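In what follows, every chain begins at residue 1, and chains take the letters A, B, ... in the order their sequences are listed. FYI, side chains are in, hydrogens and waters are out, and symmetry mates aren't considered; it's all heavy atoms of this structure. This one's a predicted model, so the numbers in the text were calculated from it and none came from an experiment.
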Amino acid sequence: MTNLRPTLVRIPAVLLVVLISAISYPGAVVVSLVTRTAPAVLPEGTAPAGSLPWLRVEHPAGARPYIADPEGRLVLLHGAIPGGLIDFWSGTDPTKTEPAPHYPIDPAAYAGRCPANSATIRVPPLCQNDVSEMRALGFNVIRLALSWSLLEPQRGIYSRQYLDRVAQVVGWARAQGLYVILDMHQNAYSRYVGRPTEPPLPGGKPPGLWDYSGAPKWATYTDLLPSEVYLGQREVNPAVLEADSNFWYNRAGLQDEYIGALAAIARRFKSDSTVAGYGIFNEPWPGWNLSPGFEDLLLFPFYRRVIDALTGARDGIRCATQVFMPAPCGYPDLGIHDRRHLFFLDTGLVREITDFPTHLGLTLSAYPNLVLALHAYTHKYTFDALAGQQPDKASYPFFGYEQSYKTADLEARALGAALFVTEFGSETTEDALLLRNQLAEQEKHQVGFTFWTWKENCASGTTWGIYAGVYGDAKDQRCAYDGRPKETGVKPQSGCLRSGREALLARVYPVAVGSRDFTYAYDPSTGAFSMVGTAGPKDPDTVVVIPPEVTGAAAGGDLINAPNGFRTLTLHAQSGRFALSVAAAPLRLANCK
Amino acid sequence: MRVREVFATRAALLGFVGLFFGVFAPFAIAVALRSLRNIHRAQEGIVLTGEGSAAFGLFAGIVGTITLVGGVALWLVSAL
């Protein structure tokens with residue numbers, strides 16, 4: 001009996017280890033290994049006809065996957081993020097925490113007109129003129145930020161009107177030849193996290209709900225924790241931390257509802273090639289959880305479940321839904337089989353601070369159309385900025401702007417995903433440093449972008465929009481709720497197109513590249529562009545778009561002048577080295593006054 | 001006399017945490033081995049308990065370490 005004792009003690013220990021392993025890293029790694037060897041989930045049947053070519057992710061051997069068109073050409077997307085469909089808080093009285101959505105949701109309110117703007121909300125309404133203005137800058141994509149609270153205002157009931165409104169914007173984009181990324185946006189979980197009724201605890205401040213958005217009220221479980229901001233960061237708020245954690249633990253089936261909301265979108269747009277894909281969750285904040293476990297055991301497994309549900313990929317193992325789902329769990333096929341769209345997977349929000357991977361990030365899904373969505377805020381939200389260092393004297397990131405992009409490149413490869421910058425931006429005063437360097441890195445790494453933000457009414461500091469806010473160049477840019485006299489009158493949809501932003505963002509760039517061996521660079525200070533590479537005789541055409549702002553002579557390919565002032569430079573099939581260029585010449589900016 | 005071995009609980013805790021945060025797993029192995037050694041070499045008349053906890057820490061540490069090394073290797077193979 002004495003000899004048996006160690007065995008009797010160890011058997012339960014081993015069983016317990018096996019049990020815990022199944023729901024933690026070992027289980028996650030095993031599922032990843034199985035996924036890695038699984039055959040790719042391919043589209044069923046032929047693609048429905050669309051006015052824009054369907055996009056997909058190409059997986060070249062030994063290189064980072066990339067967004068491609070049906071001919072296999074690398075597609076670069078440039079665009080911006082309008083906030084007009086986000087359910088932001090609005091008003092002039094911060095104690096009124098739950099105002100109704102500010103802008104009309106009914107598409108009829110936007111048919112041939114634009115609802116009145118107001119400085120009681122941080123963004124203007126999104127109207128048809130916005131899409132044509134984006135097109136005029138040479139953009140070919142819109143990251144359309146949406147709110148779960150408007151999509152599913154009551155549990156289990158999806159707003160058909162909101163989907164109609166989304167479809168209206170998608171229609172405007174289709175007419176202009178722009179793709180749309182439908183982005184399930186959120187910041188600090190929800191505008192329904194509340195505000196403290198008592199004076200905040202020491203160190204805390206009442207939250208500014210005007211930049212909180214995301215979950216509906218019924219999906220916001222704060223467990224009576226105070227909604228107070230610490231360290232000046234909206235996410236460092238006990239109520240936000242609790243609400244986020246409850247979402248990641250799938251309390252009361254919150255993830256199931258969220259997946260259902262995404263499924264409602266996918267059902268509506270499954271056959272629409274104008275929709276490039278879906279942004280599953282903007283800037284995921286870990287709540288009380290820590291990296292790397294948050295990303296590897298909660299966030300990315302959640303992404304897998306969304307992909308399983310919408311595509312029918314069946315990558316994870318079968319688990320019960322409506323309860324906490326450990327990392328290896330997949331999700332039932334909801335029968336939509338949306339296998340043409342891209343899935344944009346935001347990195348955890350902490351990565352914006354580190355500019356470095358915060359988790360392991362292994363193979364996620366057998367569905368091939370995955371895009372790692374990077375938010376590039378170097379010197380804006382990285383450690384150095386939080387420590388109060390100036391961008392030009394910062395001691396972090398150690399390897400400068402390159403650190404985030406180089407490591408993101410590796411992350412994308414490990415994940416089997418393309419790479420795309422779904423957010424970057426800054427105050428205009430930092431354009432010469434931050435914006436210019438970010439754009440240079442994006443060219444170097446051949447990734448597209450969507451800029452935050454398209455238009456912004458007002459802000460506690462300087463507005464970030466490509467257009468000036470409703471107060472133009474005024475020194476005081478604050479909104480009506482933020483200390484400014486309570487101005488509630490009608491405001492213009494925006495101020496002027498900012499010349500500095502126009503010069504930087506209306507760029508010459510290759511929209512489709514047939515070659516895989518190329519580099520390109522655009523100099524916004526001179527308007528000069530050069531692209532060199534090697535092409536094969538069977539390579540499809542490479543197309544470079546030249547916006548009206550750029551006036552220099554183009555060379556190296558067939559030049560076509562479009563009536564809208566755009567020029568395209570096309571390289572047809574040829575063998576050997578090629579060079580496309582635009583000569584330096586003064587930019588023709590709008591110079592809006 | 002029955003006394004709980006002082007490192008047994010620590011080993012179990014490190015083993016558990018190591019399955020979620022791999023960097024702790026090697027430490028779980030080291031502490032668990034020390035705990036098991038103490039248990040098996042206890043002085044006559046003293047029974048050191050906690051073998052189950054130490055065994056859990058050891059197995060969890062081994063699994064966690066293998067996962068950590070394997071996961072990082074897999075990442076490198078995929079990324080580079």
More than 12 heavy atoms of other groups within 6.0 Å of [X] [atom1]:
X: A:Phe399; atom1: CZ; result: no
X: B:Phe27; atom1: CZ; result: no
X: A:Arg64; atom1: CZ; result: yes
X: A:Tyr405; atom1: OH; result: yes
X: B:Arg4; atom1: CZ; result: yes
X: A:Arg516; atom1: CZ; result: yes

Chain B heavy atoms under 4.5 Å from [X]: which part of the residue, side chain, backbone, both or neither?
X: A:Leu297; value: side chain
X: A:Leu15; value: neither
X: A:Pro292; value: both

For chain B, find which of A:Val29, A:Thr363, A:Leu360 contributes the most heavy-atom pairs closer than 4.5 angstrom.
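Most heavy-atom pairs within the cutoff with chain B belong to A:Leu360.
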Output, in order, the C-alpha distance, side-chain angles, deciding distance and verdict of side chain to side chain contact (heavy atoms under 4.5 Å, CB included) for B:Phe59 and A:Val18.
CA-CA 9 Å; B:Phe59 297 137; A:Val18 170; over 6 Å; no
What part of B:Leu36 lies closer than 4.5 angstrom to a heavy atom of chain A: side chain, backbone, both or neither?
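Contact with chain A: side chain only.
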Could you check B:Phe20 against A:Ile20 for side chain to side chain contact (heavy atoms under 4.5 Å, CB included), going step by step and ending with a plain yes or no?
CA-CA 9 Å; B:Phe20 293 88; A:Ile20 299 171; 3.9 Å; yes
Side chain to side chain contact (heavy atoms under 4.5 Å, CB included), that's the test. Do A:Tyr25 and B:Leu19 meet it? Break it down for me.
CA-CA 6 Å; A:Tyr25 262 102; B:Leu19 291 173; over 6 Å; no
Evaluate the side chain to side chain contact (heavy atoms under 4.5 Å, CB included) criterion for residues B:Leu74 and A:Arg36: first the C-alpha distance (whole Å), next the side-chain angles of each, then the deciding distance (0.1 Å), finally the verdict.
CA-CA 10 Å; B:Leu74 191 60; A:Arg36 192 178 159 85; 4.0 Å; yes
Between B:Phe21, B:Phe16, B:Phe56, the one whose heavy-atom pairs under 4.5 Å with chain A are most numerous:
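Ranked by heavy-atom pairs under 4.5 Å with chain A, first place is B:Phe56.
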Report the distance from atom OG of B:Ser78 to atom CG of A:Leu410, rounding to the nearest 0.5 Å.
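Between atom OG of B:Ser78 and atom CG of A:Leu410 there are 11.0 Å.
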So which heavy atom on B:Ala55 is nearest to which on A:Arg10, and how close?
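Answer, listing the atom of B:Ala55 first, then A:Arg10: CB-CG, 3.7 Å.
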